[in-house]
Amino acid sequence: MKKLGIIGWRGMVGQVLMEQMIAASDFKHFETTFFSTSQIGEKNPIDVANSNPILGDAYNIEQLKKMDIILTAQGGDYTEKIHPQLRTSGFKGFWIDAASTLRMKNDAVIILDPLNKDVILRALQKNQKDFIGGNCTVSLMMLALGGLFKQEAIEWITSMTYQAASGGGARHMNELLNQMKFVTDKVVSSTPDQSAQILQVEKKVKNLLSDPAFPRENFGAPLAFNLLPWIDSELENGQSREEWKAGAEANKILQSKTLIPIDGTCVRVSTMRCHSQALTIKLKKDIPIDEIESMIREHNEWVKFVPNTKSETLKFLTPEFASGSLSIPVGRVRKMNLGPTYLNAFTVGDQLLWGAAEPLRRMLHILLEQ
Ligand code: HSE
């Protein structure tokens, strides 16, 4: 049985991963040690099959080295500190990671097996050992459009994103709630219908957003009653790092010979854990819309093709529908007035499941198959 070491199981992505692994009875395949950065030597609180009853030391290279597989959702700082030390110490095991630190390294593979199992298997044959989860927005877009990528139908894509608070982390989600409460506590009066005074109410809302007591420590700005069209750091070419990742990571995932340009604007909106994206897809040739629908539908079992009607869209093509589920709704699929090779689409996906935890969990199964 392979020895699996898990780090970062208490964080948000880690918790989602644990839930998924327990639901799928994954632990029966491994001898698992849970490592901790703060409660070393204490009792392991996760009661799963074949697990070490004592928490290991997440900074102890000798302990980590005994593992066949390290799976971490601890974050980039941990990876940056521990991964080089562990490899220098001679660790030959697999390193599976949710953080972005190693993603673009030459000897690391970005894992999204419904799109790139062939790339993953080739890397395993070549004895590569670092397998890294992709950026959430990129993974969700690629699952949605898997059929079009597979058929090499795409010339380029623009993606305009609507990204949830969870992309920032647990504290950001909590801050969004507090921002909403800060405002609504003060403006939603005991009279439920304020329509007649709504312009005065709106002014109050605007003023509250710049109140010194308004909670903004994590986002640095109001997200509630607002949106933030910048995610991650600034690059010199005017893109945000999040926007850069779309093209860089998608092409690395596919390892295709011809690069597909992907660019757009990434926007934080006040949803909790689902990222949405409005896509303009330039097709290489005019493909009939029913064929496009089949390509999208048939690529993988998680895509939920949503017919382009108002009622189906409002029911299924929303964060409300996709939250907490592996389902990837894809809809608003139609040819645009720009011409027959311009396709419009909209997609939604749970940022913590397919966007983070699920590709890592599936990589464990790929290793079991070896
Ligand atoms: N960078 C993403 C976001 C989340 O901020 O929404 C992690 O992939």
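Every number for a ligand or one of its atoms is a count from 1 in the order of the listing. All values reported here derive from a predicted model rather than from experimental measurement. If you read the sequence from its start, that first residue is 1, and numbering goes on from there.
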Taking NZ, NE, NH1 and NH2 as the nitrogens, is one of them in [X] or [Y] under 4.0 Å from a carboxylate oxygen of the other?
X      : Y      : answer
Asp286 : Lys335 : yes
Arg216 : Glu175 : no
Asp68  : Lys3   : no

Distance to the ring centre below 6.0 angstrom and angle to the axis at most 45 degrees; does that hold for Lys81 and Tyr59?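 Lys81 over Tyr59 ring: yes.
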
From the candidates His172, Arg268, Glu242, the one that places a heavy atom nearest atom 5 (O) of ligand 1: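 Among His172, Arg268, Glu242, the closest heavy atom to atom 5 (O) of ligand 1 comes from Arg268.
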
Look at atom 7 (C) of ligand 1 and say which protein heavy atom is nearest, naming residue and atom and giving the distance to 0.1 Å.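 Going atom by atom, the protein heavy atom closest to atom 7 (C) of ligand 1 ends up being Cys136 SG, 3.2 Å.
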
So which pairs with a foot in residues 198-208 pass salt bridge (charged side-chain N to carboxylate O under 4.0 Å, His left out), sequence neighbours left out?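 For residues 198-208, and leaving out neighbouring residues, there are no salt bridge (charged side-chain N to carboxylate O under 4.0 Å, His left out) pairs at all.
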
I need the atoms of ligand 1 closer than 4.0 Å to a non-hydrogen atom of Ile231, numbered in the order shown.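 Reading through ligand 1 atom by atom, the close ones are 5 (O).
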
If I apply the N/O under 3.5 Å rule, does His275 come out as touching ligand 1?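 The answer is yes, given that His275 and ligand 1 share an N or O pair closer than 3.5 Å.
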
So is Asp232 in contact with ligand 1, going by heavy-atom distances below 4.0 Å?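 Flag not set, Asp232 not near ligand 1.
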
